[in-house]
Amino acid sequence: MSGEEEENAAELKIGDEFLKAKCLMNCEVALILERKYDQLQQMSDDPLNQVSQVFEKSLQYVKRFSRYKNPDAVRQVREILSRYQLAEFELCVLGNLCPETVEEAIAMVPSIKTKGRAHDDEAIEKMLNDLSLIKKFE
């Protein structure tokens, strides 16, 4: 972004490097860290492979704030949200916070109602219903 443009996430003015970046939801990070943790535990004989306190605290954090625990549910959440042509950070905010109403979703991610790609309330409602079904059957 040029120095003159002011960043504004509500309008998706966050810089090209962020718009193109791959974001992960807390539940995706939890799955990755859990796999790494299991690998480290299997090699725990070696003192060089001890799990750091930062690693453990990071794992605890993402597990605590993950809305979806089942790996299949995590995959489905990403698939559902990807259908709506959301920016990566929008997808992750919605996947992490799981708003229950259209108003909550718009308050959390105002950019879903701005610009030419704005989603109508019915599309947002359908997206939220699909997410709630995954949570319900997890």
Side-chain angles (χ1 to χ4, degrees):
M1 279 197 122
S2 70
E4 296 176 15
E5 291 184 46
E6 188 172 323
E7 292 183 4
N8 183 345
E11 297 176 7
L12 276 183
K13 291 182 182 178
I14 58 173
D16 287 341
E17 63 276 7
F18 290 109
L19 280 174
K20 295 175 184 172
K22 177 75 171 175
C23 298
L24 296 174
M25 294 177 287
N26 289 337
C27 52
E28 293 170 313
V29 174
L31 291 175
I32 293 167
L33 292 182
E34 283 175 341
R35 280 191 211 117
K36 184 65 176 174
Y37 182 80
D38 291 342
Q39 290 172 348
L40 291 172
Q41 293 296 52
Q42 291 174 357
M43 302 183 318
S44 64
D45 305 349
D46 185 355
L48 296 175
N49 288 325
Q50 295 297 319
V51 177
S52 73
Q53 186 176 3
V54 172
F55 183 95
E56 285 191 28
K57 293 230 182 246
S58 299
L59 178 57
Q60 290 171 6
Y61 176 87
V62 292
K63 284 174 77 172
R64 180 176 181 198
F65 292 104
S66 292
R67 300 292 181 149
Y68 305 94
K69 312 291 184 204
N70 179 320
D72 289 332
V74 173
R75 181 186 46 75
Q76 288 176 334
V77 167
R78 180 159 289 274
E79 285 175 7
I80 286 170
L81 291 173
S82 295
R83 291 182 204 148
Y84 292 89
Q85 291 92 34
L86 300 170
E88 281 287 317
F89 92 95
E90 293 172 320
L91 184 150
C92 288
V93 169
L94 293 171
N96 283 339
L97 299 177
C98 300
E100 294 181 3
T101 66
V102 172
E103 293 78 21
E104 284 178 351
I106 294 168
M108 290 175 192
V109 186
S111 58
I112 61 177
K113 288 293 281 188
T114 60
K115 302 253 178 176
R117 62 172 201 86
H119 296 86
D120 61 11
D121 288 355
E122 291 84 25
I124 296 169
E125 183 73 36
K126 171 132 180 46
M127 177 176 56
L128 297 177
N129 287 338
D130 291 346
L131 291 177
S132 68
L133 282 175
I134 293 172
K135 186 66 179 160
K136 187 181 207 179
F137 293 109
E138 185 180 33

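Values in this document were obtained by computation on a predicted structure and should not be read as measured data. Computed from heavy atoms alone, side chains included, the values below leave out hydrogens, waters and symmetry copies.
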Q: For residues Leu59 and Ala30, report the shortest heavy-atom separation together with the two atoms involved.
A: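 Leu59 and Ala30 have their closest heavy atoms at CD1-O, 4.1 Å.
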Q: Would you name the heavy atoms of Ala105 and Ile124 that are closest together and state the gap between them?
A: CB-CG2, 4.0 Å
Q) In terms of hydrophobic clusters joined by side-chain contacts under 4.5 Å, are Leu33 and Tyr61 together? A)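 Yes, one cluster joins them.
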Q) For the hydrophobic clusters of this structure (ILVMFWY residues joined by side-chain heavy atoms under 4.5 Å, transitively), does one cluster hold both Leu133 and Met127? A) no
Q. Taking atom types as modelled and ignoring hydrogens, do the side chains of Glu90 and Ser111 form a donor-acceptor contact shorter than 3.5 angstrom?
A. yes
Q: Please determine if Arg75 and Glu28 form a salt bridge, counting it only when a charged side-chain N lies under 4.0 Å from a carboxylate O.
A: no
Q. Does the pair Asp120/Lys113 count as a salt bridge with the N-to-O cut at 4.0 Å?
A.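 Salt bridge: no.
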Q) Does the side chain to side chain contact (heavy atoms under 4.5 Å, CB included) test come out yes or no for Leu24 and Ile32, once each step is laid out? A) CA-CA 10 Å; Leu24 296 174; Ile32 293 167; 3.9 Å; yes
Q: Evaluate the criterion side chain to side chain contact (heavy atoms under 4.5 Å, CB included) for residue pair Tyr68 and Gln76; output intermediate values, then yes/no.
A: CA-CA 10 Å; Tyr68 305 94; Gln76 288 176 334; over 6 Å; no
Q) Under the side chain to side chain contact (heavy atoms under 4.5 Å, CB included) criterion, do Asp121 and Ile106 qualify, and how do the steps go? A) CA-CA 9 Å; Asp121 288 355; Ile106 294 168; 4.0 Å; yes
Q. Can you tell which of Leu91, Leu97, Asn96 makes a side-chain contact (heavy atoms from CB on, under 4.5 Å) with Val93?
A.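 For Val93, the side-chain contact (heavy atoms from CB on, under 4.5 Å) check succeeds only for Leu97.
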**Q.** Heavy atoms from other residues, nucleotides or ligands near NZ of Lys69 exceed 12 (cutoff 6.0 Å)
**A.** yes
Q) Are there more than 12 heavy atoms of other residues, nucleotides or ligands under 6.0 Å from atom CD of Glu34? A)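 Correct, the count exceeds 12.
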From [X] [atom1] over to [Y] [atom2], what is the distance, rounded to the nearest 0.5 angstrom?
| X | Y | atom1 | atom2 | answer |
| --- | --- | --- | --- | --- |
| Ile80 | Leu128 | CD1 | CG | 11.0 Å |
| Asn70 | Leu31 | CG | CG | 9.0 Å |
| Arg67 | Leu94 | CZ | CG | 12.0 Å |

Q: Look at the side chain of Glu88 and the backbone N and O of Cys23, then say whether any donor-acceptor pair between them is shorter than 3.5 Å.
A: yes
Q | Glu100 side-chain N/O to Cys98 backbone N/O, donor-acceptor pair under 3.5 Å | A |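 No: the side chain of Glu100 does not pair with the backbone of Cys98.
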**Q.** Candidate pair Asp130 and Lys126, rule side chain to side chain contact (heavy atoms under 4.5 Å, CB included), full reasoning
**A.** CA-CA 6 Å; Asp130 291 346; Lys126 171 132 180 46; 3.2 Å; yes
Q. Do Ser58 and Val54 have side-chain heavy atoms sitting under 4.5 Å apart?
A.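 SC-SC contact between Ser58 and Val54 confirmed.
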